[in-house]
Amino acid sequence: MPTLWAVADLHGAISDNFARIAELAPPDPADWLIVAGDVAERSELIVRILRDLAARYDTVIWAPGNHELFSRSQDQYKGREKYDHLVAACREIGVITPEDPYPVFNGITIVPLFTLYDYSFRPPGTSVEEAVQQARAKKLVMTDEVAIAPFVDVRAWCWDRLAYSIKRLSRVQGPTILINHWPLVQEPTMVLRFPEIALWSGSRHTRSWPRRYKAEAVIYGHLHMPSKMNVDGVDHIEVSLGYPREWRNQPHRIAWPYPVTSTFGEVN
């Protein structure tokens with residue numbers, strides 16, 4: 001009974017997390033694994049972890065997160081070039097990316113997405129600049145502002161990715177499972193302890209996608225709040241591992257890795 005499993009936010013550069021990743025093993029060698037972003041920061045470690053997982057699971061599907069895009073000025077690849085480099089590396093090790101043909105598991109099209117964020121999860125009536133400044137004043141600015149934004153126009157890249165994804169999704173027939181590192185709807189960010197973090201957590205322009213593209217479920221990460229939330233009749237499931245202080249002190253409210261669906265079952 002092959003199963004489609006899902007994880008996110010592995011943060012494999014942390015030794016305790018790396019040990020948890022090493023424990024991931026499919027009950028059935030025909031099982032598939034979704035990895036919804038934030039594998040690590042350094043390209044070589046990202047590829048190493050994905051290669052190891054691909055050796056265990058029949059199929060591994062990767063949707064990048066913000067940490068995969070982190071760069072330093074001296075790095076060889078930054079911004080869009082780093083993403084392109086990781087896609088090429090994934091293809092060499094047989095890992096499916098958002099640039100590849102969408103695979104089908106038990107009649108359901110599995111869609112890895114890469115949408116980034118455009119600061120549109122912000123308080124009504126505020127501009128992007130005002131919202132970011134308010135976050136800065138509270139010292140609640142994500143590392144993205146120094147490790148991604150200096151190397152690429154994030155909003156422009158996000159909008160490019162939205163248009164690209166819509167074009168591809170419009171060709172898909174039948175039910176889907178949508179995978180994205182960032183949530184596709186704003187509701188999960190509304191329970192954040194620090195609401196300013198929502199600025200770096202997605203785009204309002206993806207809200208209609210789950211229903212429009214017949215999603216059986218949406219798999220995401222980023223917020224480090226593993227849970228299931230039903231929005232407009234579709235389950236949005238965060239499958240993050242997170243940092244050791246989180247997974248040690250805040251037991252997951254859902255199974256990890258999360259069993260999304262099996263060839264003889266329904267979407268959980």
Side-chain angles (χ1 to χ4, degrees), residues 4-9 34-38 61 63-66 98 102 105-126 131 142 158-159 161-166 168-170 172-242 246 250 252-261 265-268:
L4 174 65
W5 302 90
V7 297
D9 297 77
I34 291 166
V35 182
D38 280 9
I61 303 161
N66 52 314
Y102 299 143
F105 184 92
N106 193 30
I108 302 173
T109 301
I110 313 301
V111 180
L113 298 165
F114 172 44
T115 64
L116 284 159
Y117 55 91
D118 61 0
Y119 306 93
S120 58
F121 289 171
R122 64 180 185 270
T126 61
M142 288 189 69
C158 173
W159 296 332
R161 296 301 309 182
L162 295 175
Y164 172 81
S165 300
I166 288 172
R168 293 196 65 194
L169 280 164
S170 67
V172 176
Q173 301 295 318
T176 66
I177 290 174
L178 303 182
I179 306 159
N180 197 46
H181 177 66
W182 298 268
L184 295 182
V185 297
Q186 193 169 359
E187 279 82 347
T189 71
M190 293 177 178
V191 296
L192 287 168
R193 180 181 178 188
F194 301 109
E196 290 80 7
I197 300 302
L199 286 169
W200 296 272
S201 300
S203 170
R204 292 178 183 173
H205 300 292
T206 60
R207 180 177 182 84
S208 65
W209 291 13
R211 294 192 68 182
R212 186 192 308 176
Y213 302 116
K214 302 180 176 64
E216 298 282 328
V218 174
I219 304 298
Y220 70 99
H222 190 63
L223 303 180
H224 293 199
M225 298 190 300
S227 60
K228 182 189 294 187
M229 177 183 291
N230 191 279
V231 180
D232 297 333
V234 178
D235 283 334
H236 294 247
I237 308 162
E238 181 173 348
V239 295
S240 302
L241 175 61
E246 296 166 331
Q250 301 172 11
H252 283 62
R253 287 177 285 174
I254 61 171
W256 193 91
Y258 186 81
V260 182
T261 185
E266 298 179 352
V267 172
N268 291 303

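Since the model is a prediction, treat every value here as computed from it, not as a measurement.
Contacts of Phe121 classified as ring-ring contact (aromatic ring centres under 6.0 Å, His included), with partners at least two apart in sequence or in another chain: none. Every residue meeting the side-chain contact (heavy atoms from CB on, under 4.5 Å) condition with Val172, not counting sequence neighbours, appears here in chain and number order: Tyr102, Thr109, Thr176. Residues passing the side-chain contact (heavy atoms from CB on, under 4.5 Å) test with Ala63, sequence neighbours excluded: Pro112, Ile179. Listed by chain and number, the residues in a side chain to side chain donor-acceptor pair (under 3.5 Å) with Arg211 amount to none (sequence neighbours excluded). For Pro210, the side-chain contact (heavy atoms from CB on, under 4.5 Å) test picks out Leu184, Ala215, Val218, Val234, His236, with sequence neighbours left out. Residues satisfying the side-chain contact (heavy atoms from CB on, under 4.5 Å) test with Pro195, not counting sequence neighbours, are none.
Closest of all the heavy-atom pairs between Leu223 and Leu192 is CD2-CD2, 4.1 Å. Contact between Ser201 and Tyr117 at its shortest, heavy atoms only, is N-CB, 4.1 Å. Looking at every heavy atom in both residues, Trp182 comes nearest to Tyr220 through O-CB, 4.0 Å. The two residues His222 and Met142 make their nearest non-hydrogen contact at CE1-CE, 3.8 Å. Counting all heavy atoms, side chain and backbone alike, Thr189 lies closest to Gln186 at OG1-O, 2.7 Å. Contact between Arg122 and Tyr119 at its shortest, heavy atoms only, is NH1-O, 3.1 Å.
The shortest side-chain heavy-atom distance between Arg207 and Asp232 falls under the 4.5 Å cut-off. The shortest side-chain heavy-atom distance between His181 and Asp9 falls under the 4.5 Å cut-off. Looking at heavy atoms from C-beta onward, Leu162 lies in side-chain contact with Trp209 at the 4.5 angstrom threshold. Leu4 has its side chain within reach of Ile177: a pair of non-hydrogen atoms, C-beta onward, lies under 4.5 Å apart.
Judged by distance alone, with hydrogens and angles left aside, the side-chain atoms of Glu246 form no donor-acceptor pair with the main-chain N or O of Leu241 at under 3.5 Å. Between the side chain of Arg204 and the backbone N or O of Asp118, no donor-acceptor pair lies under 3.5 Å. Between the side chain of Asn180 and the main chain of Pro183, no donor-acceptor pair closer than 3.5 Å is present. With Asp235 contributing its side chain and Glu216 its backbone, the two residues share no donor-acceptor pair below 3.5 Å. Between the side chain of Ser227 and the backbone N or O of Met225, at least one donor-acceptor pair lies under 3.5 Å.
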task = Tell me, with the steps shown, if His205 and Thr115 meet side chain to side chain contact (heavy atoms under 4.5 Å, CB included).
result = CA-CA 10 Å; His205 300 292; Thr115 64; over 6 Å; no
query = Between Ile237 and Tyr258, does a side chain to side chain contact (heavy atoms under 4.5 Å, CB included) hold up when you go through it step by step?
reply = CA-CA 9 Å; Ile237 308 162; Tyr258 186 81; 3.8 Å; yes
inquiry  = Using side chain to side chain contact (heavy atoms under 4.5 Å, CB included), reason through Ile110 and Val260 one step at a time and then give a plain yes or no.
reply    = CA-CA 11 Å; Ile110 313 301; Val260 182; over 6 Å; no
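Put simply, OH on Tyr213 and OG1 on Thr206 are 10.5 Å apart, with the number rounded to the nearest 0.5 Å.
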